[in-house]
Visitor: 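Just dropping this structure here.
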Amino acid sequence: MNEEDLNLCLSVATMMADAARCVIRPWFRAPLTVVDKEDKSPVTLADRTAERVMRAILAERLPQHGIFGEEFGVQNEESRYRWLLDPVDGTRAFVTGRPTFGTLIALLEDGVPVLGIIDQAVTQERWVGVAGRLTTFTSPLGGEAKTRACPVLAQAELSCTSPEMLEMAPHDGWKALKKHTKRMTWGGDCYAYGLLAAGQIDIIAECDMNPWDWAALVPIIEGAGGIITAWDGSSLHADGDRTVLAVGDAALHAEAVAILQAGRTQTL
């Protein structure tokens, strides 16, 4: 994709993020019916309406592109360009009044993430990552898109969305990693990855992640100076093992992978 096309896609992605924010924000802490999907995960009118609005924008501006939305499935599946839309990543946080959810928008070219946005409708914070460019961060609360230096794992702040998520882990390597870090904090969904990109968290280890959960995060984390891979250090891809490891300081990555893999061997 050339720079002109990438800038057009960035403009469309920004438009979608603006529209989704307008849809989602009025529903925050408002009376809202929550429906449990077949996998027991919750969904609301905010999720579904925001995705419809984003799809309408893509249909008007980039009708040849493919779309996969968490709520309404695949469209133009044969296209080499595919948008992954997760209107409310962290619906559990959203329906319980916690502002740690976010809208995720990603563009993949031949399966590789080239553009990603995390938008937080309530705090009005937004991270934008584009392959080969520095990540940008806008927030009325201040901060910048830059991971912090933390080359020593024993001083690192570790984060994961929930203990329940780790029940789906392919092995118990995360327990070993937890022992080697300074402390572990629970909660955050995609917002935690934004905080890592802003230098507030040093390492995140999660699993049971779908492509629409991690695709937008890749250019954001990398453009802020971090590394994001699977637990074994390999690149994230759609048919991978659903694990995600993100580090702010690249010096932590090899050690974190080694500890995770050592824990895997002990489990086996």
Visitor: What are the two closest non-hydrogen atoms of Ala192 and Gly187, and how far apart are they?
Guide: CB-O, 4.2 Å

Visitor: Let me know which of Val12, Leu6, Thr14 forms a side chain to side chain contact (heavy atoms under 4.5 Å, CB included) with Leu10.
Guide: Thr14

Visitor: Check the pair Ser162, Glu164 against side chain to side chain donor-acceptor pair (under 3.5 Å), reporting the backbone distance first and the verdict last.
Guide: CA-CA 5 Å; Ser162 70; Glu164 180 184 45; 4.5 Å; no

Visitor: What pair of heavy atoms forms the shortest contact from Thr135 to Gly129, and how long is it?
Guide: OG1-CA, 4.1 Å

Visitor: How far does CE of Met16 sit from CH2 of Trp83, to the nearest 0.5 angstrom?
Guide: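 Those atoms lie 4.0 Å apart.
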
Visitor: Between Asp202 (side chain only) and Cys150 (backbone N and O only), is there a donor and an acceptor less than 3.5 Å apart?
Guide: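 Side chain of Asp202 to backbone of Cys150: no pair is present.
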
Visitor: Is a side-chain N or O of Thr49 found less than 3.5 angstrom from the main chain of Ala46, in a donor-acceptor match?
Guide: no

Visitor: Under a 3.5 Å distance rule, please check whether Glu206 uses its side chain to pair with a backbone N or O of Thr161 as donor and acceptor.
Guide: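 Looks like yes, one N/O pair under 3.5 Å.
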
Visitor: Can Thr100 and Arg98 be counted as having a side-chain donor-acceptor contact under 3.5 angstrom?
Guide: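 No, because no side-chain N or O of Thr100 sits under 3.5 Å from a partner of the opposite role on Arg98.
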
Visitor: Apply the hydrophobic cluster definition, ILVMFWY joined by side-chain contacts under 4.5 Å directly or through others, and give me every member besides Leu141.
Guide: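 Members other than Leu141 - counting any ILVMFWY side chain reachable under 4.5 Å - there are none.
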
Visitor: Can you spot which of Leu196, Ile118, Ile228 makes a side chain to side chain contact (heavy atoms under 4.5 Å, CB included) with Ile220?
Guide: Ile118

Visitor: Are the side chain of Ser11 and the backbone N or O of Asn7 linked by a donor-acceptor pair below 3.5 Å?
Guide: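 No, Ser11 side chain to Asn7 backbone: no donor-acceptor pair under 3.5 Å.
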
Visitor: Between Ala197 and Ala224, which heavy-atom pair has the shortest distance, and what is it?
Guide: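 Of all heavy-atom pairs spanning Ala197 and Ala224, the closest is O-CB, 3.6 Å.
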
Visitor: So that I can tick it off, tell me whether Arg25 and Asp119 are bridged by a salt bridge, with the cut-off set at under 4.0 angstrom between side-chain N and carboxylate O.
Guide: no

Visitor: Atom CG of Leu104 and atom CG of Leu84: how far apart are they, to the nearest 0.5 Å?
Guide: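 Separation between the atoms: 9.5 Å.
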
Visitor: Evaluate the ring planes of Phe101 and Phe28, with Trp represented by its six-membered ring, and classify them as parallel (under 30°), tilted (30 to 60°) or perpendicular (over 60°).
Guide: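 It falls in the tilted class, 30° to 60°.
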
Visitor: Could you tell me whether a side-chain N or O of Glu109 sits under 3.5 Å from a main-chain N or O of Met1, the two making a donor and an acceptor?
Guide: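 Side chain of Glu109 to backbone of Met1, a donor-acceptor pair under 3.5 Å: yes, one is there.
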
Visitor: Can any side-chain N or O of Trp212 pair as donor or acceptor with the backbone N or O of Asp86 at less than 3.5 Å?
Guide: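 No; judged by distance alone, with no hydrogens or angles, the pair does not exist.
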
Visitor: Would you name the heavy atoms of Ile24 and Pro87 that are closest together and state the gap between them?
Guide: CD1-O, 3.3 Å

Visitor: Please give me the minimum heavy-atom distance between Leu177 and Ala205, naming the atom from each residue.
Guide: CD2-CB, 3.9 Å

Visitor: Minimum heavy-atom separation for Cys9 and His65, please, with both atom names.
Guide: SG-CE1, 3.8 Å

